[in-house]
Amino acid sequence: MYGKIKEHLQKELAGIKEAGLFKEERIIVTPQSADIKVDTGEDVLNFCANNYLGLSNHPKLVAAAKEGLDTHGYGMSSVRFICGTQDLHKTLERKIAEFFGTEDTILYAACFDANGGLFEPLLTAEDAIISDSLNHASIIDGVRLCKAQRFRYKNADMEDLEDKLKEAQSARFRIIVTDGAFSMDGNVPPLDKINELAKKYDALVMVDEAHSAGVVGKTGRGVTELFNIRGEIDIITGTLGKAFGGAIGGFTTGRKEIIEMLRQRSRPYLFSNSLLPAVANAGIAMFDMMAETTELQDKLHKNTEYFIRKMKDAGFDIKPTASAICAVMLYDAKLSQVMASKLLAEGIYVIGFYYPVVPKDQARIRVQLSAGHKQEHLDKCIAAFIKVGKELGVIE
Ligand SMILES: *Cc1c(COP(=O)(O)O)cnc(C)c1O
């Protein structure tokens, strides 16, 4: 009988709307890019995609996806271990391991699945997971699916992490778990210090590089490159859905035995379909591009540095960041929404975030830079921020 729950859902939905938390979707009628068109007819500059390297509509990846369709077909109709593994999947897994300097890789349909299926096959109630308080929802869910004891340390706080490691010393195995770049602030955890603490207190380290891979580090190899500890981190998870082309797909890469065990026991791998050949082939082309040149990283780093410098010069309050995420702090929730819609009217597409997505009174507009942004895009965005910022009294 749908009647009762229908009424209940209608009430809940009305509540979400009243609280101003109802998520509307803007409809884009062009490929994902730095400049896009929405279904209401406006052309806008896009500063809110995870398209960090501007690869979402790159001709080489589009061509590789088409080639994958022609040579390997459309779908796999199987999980990997039954009849869903093609040469393309094995090649892509190897390329990912080469990129990160790891031993082996296992592909998933998404990074959400990689994180969801990571902990339960490796750890039991005898073990301990020590997790950063700002970790992504998929890590939180993955941890929930596992019986290990849970410890939470304050965001990137090494004293608190050390306290939690001490508390967890009686566990059989310990693992420290962190995002590589935190999505709301753009900060990066001190992975070198985490690695030292892991050695001191005999713990494994897992990093989710969803927002950092392709972006952070001189050649975009992620946080292990930034801190010069390539090959030392036990487990890295990541996505093909952000910097790496933005289509779909996730992975876990790291120590050989860990990956091997995941192939045996990880539930999203065992019970969910294989990545489509077109995406696997485009992924291979993408990692080949990464191996050839760091042009896109160079451009992204230049764009990010320029944007942040100009915004600070204009008087905006910018959160310290080490990624391509730039949080323009406004503190007031309503202001963040008014400012985002005024920016949209100026042709700049950005999103204002407020509680509960960020802490109370920490409302902000998040700007995501891309190698796909041209100089004129950046200048137009900065000019719009200055104009609207002055109108709203955010800057003088
Ligand atoms: C986006 C994101 C994910 C999810 O990646 P998908 O491949 O889209 O499922 C996981 N972890 C972090 C830290 C993310 O930012």
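Atom set for the values below is all heavy atoms of this structure, side chains included, hydrogens, waters and symmetry mates excluded. One-based numbering, in listed order, for ligands and for the atoms of each.
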Can you pull every nitrogen or oxygen pair between ligand 1 and the protein closer than 3.5 angstrom?
unit_1	atom_1	unit_2	atom_2	d
ligand 1	7 (O)	Cys111	N	2.8
ligand 1	7 (O)	Thr239	OG1	2.6
ligand 1	9 (O)	Cys111	N	3.3
ligand 1	9 (O)	Phe112	N	2.9
ligand 1	11 (N)	His136	ND1	3.3
ligand 1	11 (N)	Asp208	OD2	2.6
ligand 1	15 (O)	His211	NE2	3.1
ligand 1	15 (O)	Lys242	NZ	2.6

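- Side-chain contact, Thr85 with Arg80: a donor N or O sits under 3.5 Å from an acceptor N or O.
- Ring pair Phe385/Phe316 is perpendicular by interplanar angle, where above 60° counts as perpendicular and below 30° as parallel.
- When side chains are defined from C-beta on, Glu260 does not count as touching Glu103, because their heavy atoms never get closer than 4.5 Å.
- Under the 4.5 angstrom side-chain criterion for Ile, Leu, Val, Met, Phe, Trp and Tyr, the cluster partners of Phe182 are Leu134.
- With sequence neighbours excluded, the residues forming a salt bridge (charged side-chain N to carboxylate O under 4.0 Å, His left out) with Glu126 are Arg172, listed by chain and number.
- Phe22 forms part of a hydrophobic cluster together with Leu13, Ile16, Leu21, Tyr354, judged by ILVMFWY side-chain heavy-atom separations under 4.5 Å.
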